[in-house]
Participant: 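Dropping the structure in here first, questions after.
No hydrogens, no waters, no symmetry mates; every other heavy atom, side chains included, goes into these values.
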Amino acid sequence: MEQMAQLGTREKLAILADAAKYDASCASSGTAKRSSLGGKGIGSTEGMGICHAYAPDGRCISLLKILLTNSCIFDCHYCINRKSSNVRRARFTAQEVVQLTLSFYKRNYIEGLFLSSGIIRSSNYTMEQIVEVARSLREDHDFRGYIHLKTIPDADPELVHQAGLYADRVSINVELPTVSGLTKLAPEKSAARIEGAMGDMKSAIVETKDSTRRFKSAPKFAPAGQSTQMIVGADGADDRAIIGRASSLYDRFALRRVYYSAFSPIPDASAVLPLKRPPLMREHRLYQSDWLMRFYGFEPAEVGEVADASGMLPLDIDPKLAWALKFRERFPVDVNRGAREDLLRVPGLGVKAVDKIVAARRLRRLRLDDVARLTLSVTKVRPFISAADWRPVALTDRADLAARLRPKPEQLELFAA
């Protein structure tokens with residue numbers, strides 16, 4: 001503690017910003033619009049997003065993403081900041097975080113704050129400090145920018161509730177995909193307490209939405225909802241189990257997002273941890289599967305059908321293409337007459353492209369060139385559709401179709417579905 005007190009603000013920032021990189025669960029979608037137009041308050045939540053998101057014009061939009069402290073009384077095997085870890089420690093006071101946030105915002109470095117923390121003294125004490133940061137920004141400085149708080153399930157429910165009154169979004173991490181994995185790698189944490197806190201947060205969000213419909217003066221509560229994060233590859237959970245777990249969390253707790261973070265080996269690691277990190281492509285495929293369930297109408301069991309005997313998704317092709325190749329009898333889909341839900345299953349067609357196809361075909365029959373203008377690569381689409389001037393004939397059933405559509409090894413399809 002004495003050494004931490006001697007650190008300057010810049011040194012603390014270097015340590016605690018780096019320590020926060022393992023938190024993936026931050027984004028700014030879905031919150032209420034606020035701005036400081038008219039000279040009132042500081043900051044704005046309007047715009048395309050926060051936390052290293054990329055806007056359509058290529059802008060990188062960021063926020064101050066830090067830990068209050070990387071000290072922790074817990075000893076979770078997978079965590080770089082665990083009690084037994086030999087890392088340099090630092091700690092901010094609540095007011096230091098407030099001043100950093102305001103200072104960085106006024107310099108146009110950031111558009112909001114993502115705040116998490118290791119557990120110091122107790123869960124309640126740590127949660128009090130996190131809430132105090134948000135309270136001071138909102139009440140003392142009229143900060144209207146985006147705030148995302150990582151809450152602590154073991155803390156008093158009233159403290160967690162207060163976080164929702166000040167934050168745009170809250171996160172409650174499930175940590176690992178399975179209860180057995182959590183018991184083994186984080187024995188001081190309880191899956192029941194985590195899910196209980198998520199359930200309480202969901203109830204508070206629902207109740208507040210109902211109140212705001214009836215009373216305009218009702219306070220907003222976590223208007224951007226709640227999210228969670230699970231670590232992939234630290235335990236033995238396969239992709240099929242992770243997909244099922246994520247779907248259950250969405251259904252039970254009305255989450256805005258489930259984030260996946262590939263396990264990364266840490267210094268002085270426990271013997272129970274894997275020696276190597278999983279392929280980053282595995283994390284990417286899980287995100288694609290997540291989008292298939294959230295936006296493309298796939299059921300978890302359908303996504304799981306493309307997994308191999310060990311329950312793992314293919315790494316060489318995306319899960320939507322893998323599903324289409326496995327169920328070729330569902331194709332081709334006629335772009336002029338096919339149902340929207342069937343078009344959404346065509347590899348290479350995104351939600352916006354499908355909606356444009358459905359709108360355009362009301363006016364005229366669509367040709368292959370019309371579809372090509374709506375997608376990045378018509379090559380991927382051609383085997384799975386028919387149009388006014390196009391029939392794939394035997395192309396859909398070619399034995400080498402997967403090889404023909406497989407991306408080059410160096411290619412990473414960030415936004416493919």
Participant: Calculate, to the nearest 0.5 Å, the distance between atoms CH2 and NZ belonging to W291 and K320 respectively.
Facilitator: 12.0 Å
Participant: Could you walk me through whether L182 and I194 pass the side chain to side chain contact (heavy atoms under 4.5 Å, CB included) test, one step at a time?
Facilitator: CA-CA 11 Å; L182 187 70; I194 291 171; 4.0 Å; yes
Participant: Flag the pair R330 and E341 as a salt bridge only when some basic side-chain nitrogen lies within less than 4.0 angstrom of an acidic carboxylate oxygen.
Facilitator: no
Participant: Answer whether the closest heavy-atom distance between the side chains of D370 and R364 falls below 4.5 Å.
Facilitator: yes
Participant: What distance separates E283 CD from S261 OG, expressed to the nearest 0.5 Å?
Facilitator: 6.0 Å
Participant: Begin with the C-alpha distance, continue with both residues' side-chain angles, and end with the deciding distance and a verdict on salt bridge (Lys or Arg N to Asp or Glu O under 4.0 Å) for R245 and E195.
Facilitator: CA-CA 12 Å; R245 173 72 162 147; E195 293 194 358; 2.8 Å; yes
Participant: Please check: side-chain N/O of D154 versus main-chain N/O of K189, any donor-acceptor pairing under 3.5 Å?
Facilitator: no
Participant: Report the C-alpha distance between E128 and R121 in whole Å, list the side-chain angles of each, state the deciding distance to 0.1 Å, and finish with yes or no for salt bridge (Lys or Arg N to Asp or Glu O under 4.0 Å).
Facilitator: CA-CA 11 Å; E128 287 172 358; R121 296 192 190 177; over 6 Å; no
Participant: Carefully, step by step, assess D355 and R340 under the rule salt bridge (Lys or Arg N to Asp or Glu O under 4.0 Å).
Facilitator: CA-CA 8 Å; D355 288 341; R340 181 178 183 273; 2.8 Å; yes
Participant: Give a yes or no on whether the backbone of E305 and the side-chain of K326 come within a donor-acceptor separation of less than 3.5 Å.
Facilitator: yes
Participant: Quick one: does L401's side chain get under 4.5 Å of R328's, heavy atoms only?
Facilitator: yes
Participant: Does some side-chain heavy atom of F263 sit less than 4.5 Å from a side-chain heavy atom of P278?
Facilitator: yes
Participant: Do L325 and I317 touch side chain to side chain, with heavy atoms closer than 4.5 Å?
Facilitator: yes
Participant: Go through F253 and T228 one step at a time and tell me if the side chain to side chain contact (heavy atoms under 4.5 Å, CB included) criterion holds.
Facilitator: CA-CA 10 Å; F253 303 116; T228 194; over 6 Å; no
Participant: Can you check side chain to side chain contact (heavy atoms under 4.5 Å, CB included) on I120 and R89, steps first, answer last?
Facilitator: CA-CA 12 Å; I120 45 175; R89 308 289 183 172; over 6 Å; no
Participant: Search all heavy atoms of L176 against all heavy atoms of A234 and return the closest pair with its distance.
Facilitator: CD2-CB, 4.0 Å
Participant: Testing the basics here: between V170 and A167, what is the closest heavy-atom pair and its distance to 0.1 Å?
Facilitator: CG1-CB, 4.1 Å
Participant: Using modelled atom types and a 3.5 Å cut-off, is there a donor and acceptor pairing between side-chain atoms of D168 and backbone atoms of A224?
Facilitator: no
Participant: Can you name the closest pair of heavy atoms from L366 and A360 and give their distance?
Facilitator: CD2-CB, 3.9 Å
Participant: Measuring only between side-chain heavy atoms, which start at C-beta, is F92 closer than 4.5 Å to Q129?
Facilitator: no
Participant: Tell me whether the count of non-hydrogen atoms from other residues, nucleotides or ligands lying under 6.0 Å of OH in Y109 goes above 12.
Facilitator: no
Participant: When rounded to the nearest 0.5 angstrom, what is the spacing between CG in D235 and OG1 in T178?
Facilitator: 4.5 Å
Participant: What distance separates Y250 OH from M293 CE, expressed to the nearest 0.5 Å?
Facilitator: 7.0 Å
Participant: More than 12 heavy atoms of other residues, nucleotides or ligands under 6.0 Å from CG of D251: yes or no?
Facilitator: yes
Participant: Tell me whether the count of non-hydrogen atoms from other residues, nucleotides or ligands lying under 6.0 Å of CG in L376 goes above 12.
Facilitator: no
Participant: Could you walk me through whether L64 and L13 pass the side chain to side chain contact (heavy atoms under 4.5 Å, CB included) check?
Facilitator: CA-CA 10 Å; L64 178 59; L13 185 60; 4.2 Å; yes
Participant: Is the closest side-chain heavy-atom distance between L349 and I357 below 4.5 Å?
Facilitator: yes
Participant: Treating R82 as the side-chain partner and C72 as the backbone partner, does any N or O pair qualify as donor plus acceptor under 3.5 Å?
Facilitator: no
Participant: Count the heavy atoms of every other residue, nucleotide or ligand shown that sit under 6.0 Å from CZ of R367, and state whether that count exceeds 12.
Facilitator: no
Participant: Would you say the side chains of S122 and N124 form a donor-acceptor pair under 3.5 Å?
Facilitator: no
Participant: K12 versus I66: any side-chain heavy-atom pair under 4.5 Å?
Facilitator: no
Participant: Under the 3.5 angstrom rule, does the side chain of S227 hit a backbone N or O of V258 as a donor-acceptor pair?
Facilitator: no
Participant: Main chain of Q226, side chain of R256: is a donor-acceptor contact present, judged purely on distance under 3.5 Å?
Facilitator: no
Participant: Check this for me: does any side-chain nitrogen of one of D18 and R88 sit under 4.0 Å from a carboxylate oxygen of the other?
Facilitator: no
Participant: Residues in salt bridge (charged side-chain N to carboxylate O under 4.0 Å, His left out) with R135, at least two apart?
Facilitator: E132, E139, D140
Participant: How long is the gap from CG on D342 to CZ on R337, to the nearest 0.5 Å?
Facilitator: 13.0 Å
Participant: Look at the aromatic rings of F327 and W323 and report parallel, tilted or perpendicular, splitting at 30° and 60°.
Facilitator: tilted
Participant: Less than 3.5 Å apart, any donor N or O on the side chain of S289 or R285 sitting next to an acceptor on the other?
Facilitator: no
Participant: Report yes or no: does D308 contribute a side-chain atom to a donor-acceptor pair with the main-chain N or O of P314 at less than 3.5 Å?
Facilitator: no
Participant: For R361 versus N336, what's the shortest heavy-atom pair and its separation?
Facilitator: CD-O, 3.5 Å
Participant: Taking the side chain as C-beta and beyond, is there a heavy-atom pair between L286 and I243 under 4.5 Å?
Facilitator: yes
Participant: Report the distance from atom CG of N81 to atom OG1 of T69, rounding to the nearest 0.5 Å.
Facilitator: 8.0 Å
Participant: Please report the C-alpha distance between D239 and R282 in whole Å, then the side-chain angles of each, then the deciding distance to 0.1 Å, and finally whether the salt bridge (Lys or Arg N to Asp or Glu O under 4.0 Å) criterion is met.
Facilitator: CA-CA 8 Å; D239 292 343; R282 183 184 177 193; 2.7 Å; yes
Participant: Ignoring hydrogens and geometry, is there a side-chain-to-backbone donor-acceptor pair from S211 to E207 under 3.5 Å?
Facilitator: yes
Participant: Identify the heavy atoms of G112 and F143 that sit nearest to each other, and give their distance.
Facilitator: CA-CZ, 4.4 Å
Participant: For V306 versus P319, what's the shortest heavy-atom pair and its separation?
Facilitator: CG1-O, 4.1 Å
Participant: Distance-only, no hydrogens or angles: does the S171 side chain make a donor-acceptor pair with backbone N or O of N173 under 3.5 Å?
Facilitator: no
Participant: So, the side chain of R345 versus the backbone of G297: is there a donor-acceptor pair under 3.5 Å, distance only?
Facilitator: yes
